[in-house]
Amino acid sequence: MTHPDDEMYPSQEVLAMIAAWRFGEYPALMRFVEEQWIDCYGFFEQSTGKFEPFNGETPWKCATGGWSGNESLIDALRDNVGFWWTCWECSVRGGYYEFHVPEEAS
């Protein structure tokens, strides 16, 4: 279930899945969105380096590159209210976002 058209835009089905993703299963959600992201227009990555997971949270950072397909993925994440309230850390004008994603509950 990847990109159905030649322009590589996420399908409405993919966007609906992101918006309705089950509460608390956010590491899997981030991996799913990462698969949909078009890297030649920005980036979507788990933050590595000197910043280690904080209190069981994994930092993710992304930039849309201004491409509307990536912007649609961010909009779908925003539509997932549980995810946004739980994981959104900051946004910066120009399409940059940071999320702190808690580990999945066992």
Side-chain angles (χ1 to χ4, degrees):
M1 210 176 325
T2 55
H3 310 285
D5 62 13
D6 293 333
E7 296 297 321
M8 304 295 284
Y9 285 93
S11 69
Q12 291 302 311
E13 179 183 20
V14 163
L15 298 174
M17 286 176 61
I18 293 168
W21 203 273
R22 188 178 177 125
F23 184 84
E25 296 180 1
Y26 302 137
L29 172 58
M30 297 306 274
R31 290 188 299 275
F32 181 76
V33 173
E34 184 178 30
E35 292 172 4
Q36 309 305 313
W37 203 266
I38 303 301
D39 288 341
C40 61
Y41 300 106
F43 60 88
F44 191 94
E45 60 194 22
Q46 189 174 341
S47 192
T48 57
K50 69 178 186 175
F51 298 105
E52 296 299 320
F54 177 74
N55 290 339
E57 295 179 341
T58 302
W60 286 77
K61 57 185 178 179
C62 63
T64 64
W67 185 61
S68 58
N70 289 343
E71 295 282 347
S72 295
L73 293 168
I74 291 292
D75 289 343
L77 286 172
R78 188 178 289 114
D79 289 343
N80 186 319
V81 175
F83 168 82
W84 202 261
W85 285 3
T86 302
C87 302
W88 175 79
E89 187 66 23
C90 73
S91 329
V92 178
R93 181 177 52 192
Y96 177 81
Y97 298 85
E98 290 183 11
F99 303 98
H100 287 190
V101 179
E103 296 174 4
E104 289 184 40
S106 40

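Residue numbers run from 1 in the order of the sequence given.
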d(Q12 CD, S72 OG) to nearest 0.5 Å is 7.5 Å

Within the distance-only criterion (no hydrogens, no angle test), does the side chain of N70 pair as donor or acceptor with the backbone N or O of Y41 below 3.5 angstrom?
yes

Evaluate the side-chain proximity of L77 to L29: yes if any heavy-atom separation is below 4.5 Å, no if none is.
yes

Below 4.5 Å, heavy atoms only, C-beta onward: do P27 and T58 meet side chain to side chain?
no

Can you tell me how far the OG1 atom of T86 sits from the CD atom of E57, to the nearest 0.5 Å?
9.5 Å

Point-to-point distance, once rounded to the nearest 0.5 Å, from CD of Q36 to CZ of R31
13.5 Å

Which heavy atom of G82 sits nearest a heavy atom of Y26, and at what distance?
C-OH, 3.2 Å

Nearest heavy-atom approach of N80 to A20 is ND2-C, 4.2 Å

Walk me through whether F83 and M30 qualify under side-chain contact (heavy atoms from CB on, under 4.5 Å).
CA-CA 10 Å; F83 168 82; M30 297 306 274; 3.7 Å; yes

Kindly assign one of parallel, tilted or perpendicular to the pair F99 and W84, based on the angle between their ring planes and the thresholds 30° and 60°.
perpendicular

Under 4.5 Å between side-chain heavy atoms, counting indirect links through other Ile/Leu/Val/Met/Phe/Trp/Tyr residues: same cluster for I38 and F43 or not?
no

Evaluate the criterion side-chain contact (heavy atoms from CB on, under 4.5 Å) for residue pair I74 and C62; output intermediate values, then yes/no.
CA-CA 9 Å; I74 291 292; C62 63; 3.8 Å; yes

Look up atom CE in M17 and atom OG in S11, then write down how far apart they are to the nearest 0.5 Å.
8.5 Å

E45 versus E34, closest heavy-atom pair with distance
CA-OE2, 4.4 Å

Once rounded to the nearest 0.5 Å, what's the spacing between atom OG of S91 and atom CZ of R78?
6.5 Å

Where A63 and W37 come nearest, the two heavy atoms and their spacing
O-CZ2, 3.3 Å

ring-ring contact (aromatic ring centres under 6.0 Å, His included) partner of F44, chosen from F32, Y96, W60, W67
W60

Shortest non-hydrogen pair, Y9 vs S68, comes out as CE2-OG, 3.0 Å

